[in-house]
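Read through the structure below, which is laid out as structure tokens, and then see the notes.
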Amino acid sequence: MKMKHFLTAGLLGAALLSTSLSPVLAETLRVIQGSPTSALNVPMNRAVVVESDVPFADLSIANPGIADISTLSDRSIYVLGKTPGRTTLTLLSPDGKLISNVDVHVTPDIAEFKERLQQILPGETIEVRTANDGIVLSGTVSSSAKLDRALDLANRYAPDRVSNLMVVGGTQQVMLKVRFAEMQRSVSKSLDASLGIQSNGSTVGGSVGTGVLSEAGRFDQIFNDGTTTSPNDAQGRFSLGFSAGSLEFAVLLEALESKGMVRTLAEPNLTALSGQEARFLAGGEYPIPVSSSEGISIEYKPFGVELNFTPVVVDGDIINLTINAAVSSIDPTQGIVNDGFEVSAFRRRETSTTVEMRDGESFAIAGLLQDDFRNLNGQVPWVGDIPIIGALFRSTEYQRSQSELVIIVTPHLVTPTRGEALALPTDRVRLPTERELFLFGNTTGGQTGAAGEVARQDFSGSYGYVME
């Protein structure tokens with residue numbers, strides 16, 4: 001029994017050794033005389049064996065550059081694929097009659113490619129086929145990133161000969177929600193004092209004054225009208241005039257305190273297909289005169305809420321976003337006059353960036369906190385330094401402004417829905433009846449839903465920030 005086991009193991013080892021040393025047989029074709037022969041598929045740089053049921057005396061290959069042949073016996077042929085293509089193998093019998101013509105198809109070796117594809121992209125249903133001298137990929141992949149990996153790997157085995165028939169499954173439409181929020185706060189305080197003395201005598205003339213009262217005509221306004229105007233149109237203004245003999249005295253005190261707040265909020269939403277650019281503009285176009293050789297022409301500059309973005313669904317719910325967002329408005333205070341035309345300036349807040357995030361996540365892609373402070377103290381030299389009395393020869397101004405801006409983006413993977421499920425802001429607004437309009441003064445017949453909730457909001461009360 002032991003000897004029998006040793007012989008069996010020896011024969012098995014010899015068989016394995018001979019298999020490892022023999023050429024790799026991708027396919028074996030059997031040729032039967034008198035019956036049609038199927039095509040022989042030979043991978044490039046691999047070998048197959050063709051067996052004939054009758055002995056042959058002569059064989060030839062139409063294109064030796066595509067495949068190489070050699071005989072193993074009078075019934076077996078060794079075929080080696082060299083370059084991708086198609087050729088014909090002819091077998092002749094000893095009496096010179098045709099045994100068969102075999103179509104030989106040499107294709108790229110995709111066995112190793114399939115193994116590497118399963119290792120790199122497990123779980124993806126990608127079908128690999130050969131066409132002429134190239135590779136055809138078909139099936140459904142879960143993301144565009146995996147599709148690019150499959151194509152890159154296929155180009156390693158068939159450079160510039162890869163046909164892509166794959167499709168990307170899952171949701172490939174992205175809705176981007178952008179929120180612009182800006183808060184501006186300003187406070188200013190000023191205290192000005194002016195003192196003037198004027199002589200009405202016949203022998204002595206002239207006047208002296210500081211501040212506003214240094215201008216001509218201010219004394220006459222105070223003594224004749226009891227009031228005077230101010231360049232800054234201060235609300236807290238007090239004027240006093242009295243005379244002592246031939247001298248007239250005038251005192252003008254001006255105090256101004258102002259506070260302001262501006263709140264800006266815009267929330268544009270835009271949907272686009274993965275890899276495609278989408279544009280959004282809610283605003284208008286401002287005409288700007290431009291001088292040219294033909295005269296004056298008009299160019300239009302857009303302003304308002306602008307949003308351009310290109311989404312790419314990278315893998316699953318990971319989204320790559322290339323964003324250009326801006327909010328602009330007309331600023332007439334900074335305009336210029338050109339050739340008789342008054343052109344207003346633009347106030348613009350813009351950001352351009354590329355970020356990557358998951359579905360429903362948010363990024364603050366831009367932010368700005370600006371704090372401007374100015375203190376100004378003007379006085380008559382030396383006299384303004386005198387305690388108490390010097391305040392009449394001194395003016396003080398205090399200004400402070402703060403602005404805060406933030407831009408937040410949130411992408412969502414979305415799918416289409418039925419039109420009945422979408423509501424417009426005007427859907428729940430009803431026209432008023434004559435009774436509601438004339439008797440109660442209602443301009444709408446009632447609102448429900450989100451539109452009605454906004455209409456019922458109370459915007460009175462304190463809000464914003466307190467600045468000292």
Side-chain angles (χ1 to χ4, degrees), residues 24 26 41 43-46 81 83-84 105-178 269-280 307-325 351-365 408-417:
V24 179
N41 295 318
M44 189 174 61
N45 298 324
R46 303 286 290 273
T83 59
H105 298 175
V106 179
T107 59
D109 185 8
I110 61 175
E112 182 182 1
F113 170 62
K114 288 183 178 180
E115 294 177 2
R116 296 293 179 266
L117 196 61
Q118 290 298 323
Q119 293 173 359
I120 296 176
L121 301 175
E124 299 294 333
T125 57
I126 301 176
E127 298 180 2
V128 182
R129 298 182 179 89
T130 58
N132 196 4
D133 59 345
I135 296 177
V136 179
L137 301 179
S138 61
T140 303
V141 292
S142 58
S143 66
S144 58
K146 294 183 178 180
L147 184 144
D148 294 337
R149 294 175 194 169
L151 292 177
D152 183 67
L153 182 60
N155 278 307
R156 300 285 183 177
Y157 290 86
D160 301 326
R161 299 191 307 274
V162 179
S163 298
N164 176 28
L165 301 180
M166 296 181 293
V167 296
V168 180
T171 303
Q172 296 296 308
Q173 296 177 128
V174 180
M175 183 190 75
L176 183 64
K177 179 180 180 182
V178 182
N269 296 337
L270 193 58
T271 302
L273 188 65
S274 176
Q276 302 297 319
E277 184 183 14
R279 297 177 178 269
F280 175 88
L307 175 61
N308 301 339
F309 87 107
T310 302
V312 176
V313 182
V314 179
D315 190 4
D317 61 346
I318 301 178
I319 305 170
N320 182 285
L321 296 174
T322 300
I323 310 169
N324 187 357
T351 180
S352 179
T353 184
T354 300
V355 294
E356 189 171 278
M357 63 189 79
R358 294 186 179 273
D359 178 20
E361 294 181 341
S362 298
F363 256 140
I365 61 173
I408 301 175
V409 297
T410 305
H412 294 280
L413 294 174
V414 295
T415 55
T417 184

Worked check of side-chain contact (heavy atoms from CB on, under 4.5 Å) between H105 and T130: CA-CA 10 Å; H105 298 175; T130 58; over 6 Å; no
Exercise for the section: Keeping the roles fixed (side chain from D359, backbone from L413), state whether a donor-acceptor pair exists under 3.5 Å. Expected result: yes
Residue pairs meeting ring pair (Phe, Tyr, Trp, His ring centres under 6.0 Å), one or both in residues 106-160, sequence neighbours left out, come to F113-Y157
Could you pull out the closest heavy-atom pair between [X] and [Y], with the gap in Å?
{"X": "K146", "Y": "L121", "value": "O-CD1, 3.5 Å"}
{"X": "P411", "Y": "R358", "value": "CG-O, 4.0 Å"}
{"X": "I365", "Y": "T351", "value": "CD1-CG2, 3.8 Å"}
{"X": "V312", "Y": "S274", "value": "CA-OG, 3.5 Å"}
{"X": "G360", "Y": "T410", "value": "O-CG2, 3.7 Å"}
{"X": "V168", "Y": "Q172", "value": "CG1-NE2, 3.3 Å"}

#### Entry: R161/I135 under side-chain contact (heavy atoms from CB on, under 4.5 Å): CA gap, chis, key distance, verdict
CA-CA 6 Å; R161 299 191 307 274; I135 296 177; over 6 Å; no
query = Heavy-atom distance under 4.5 Å between the side chains of P416 and Q173, does that happen here?
reply = yes
Quiz item: Does a side-chain heavy-atom distance below 4.5 Å link P84 with T107?
Solution: no
Output the distance between atom [atom1] ([X]) and atom [atom2] ([Y]), rounded to the nearest 0.5 Å.
{"X": "F280", "Y": "L176", "atom1": "CZ", "atom2": "CG", "answer": "11.5 Å"}
{"X": "K177", "Y": "L307", "atom1": "NZ", "atom2": "CG", "answer": "13.5 Å"}
{"X": "T83", "Y": "M44", "atom1": "OG1", "atom2": "CE", "answer": "8.0 Å"}
{"X": "E356", "Y": "T322", "atom1": "CD", "atom2": "OG1", "answer": "10.5 Å"}
{"X": "T140", "Y": "E127", "atom1": "OG1", "atom2": "CD", "answer": "9.0 Å"}
{"X": "H412", "Y": "E361", "atom1": "NE2", "atom2": "CD", "answer": "10.5 Å"}

Under the rule for side chain to side chain contact (heavy atoms under 4.5 Å, CB included), what residues qualify as partners of T417, not counting sequence neighbours?
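With neighbours one apart ignored, the set is A421, L422.
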Exercise for review: Could I get the full list of side chain to side chain contact (heavy atoms under 4.5 Å, CB included) partners for A111, not counting sequence neighbours?
Suggested key: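 In terms of side chain to side chain contact (heavy atoms under 4.5 Å, CB included), with neighbours along the sequence ignored, A111 is linked to D109.
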Taken in chain and number order and not counting sequence neighbours, the residues that satisfy salt bridge (Lys or Arg N to Asp or Glu O under 4.0 Å) with E112 are R116
Contacts of E277 meeting salt bridge (Lys or Arg N to Asp or Glu O under 4.0 Å) (sequence neighbours excluded), chain-then-number -> R279
Does the pair L137 and V128 meet the rule for a side-chain contact (heavy atoms from CB on, under 4.5 Å), with working shown?
CA-CA 5 Å; L137 301 179; V128 182; 3.8 Å; yes
Can you give me every donor-acceptor pair (side chain of residues 147-155, partner residue at least two apart or in another chain, under 3.5 Å) with its distance?
unit_1: N155; atom_1: OD1; unit_2: D160; atom_2: N; d: 3.4
unit_1: N155; atom_1: ND2; unit_2: L151; atom_2: O; d: 2.9

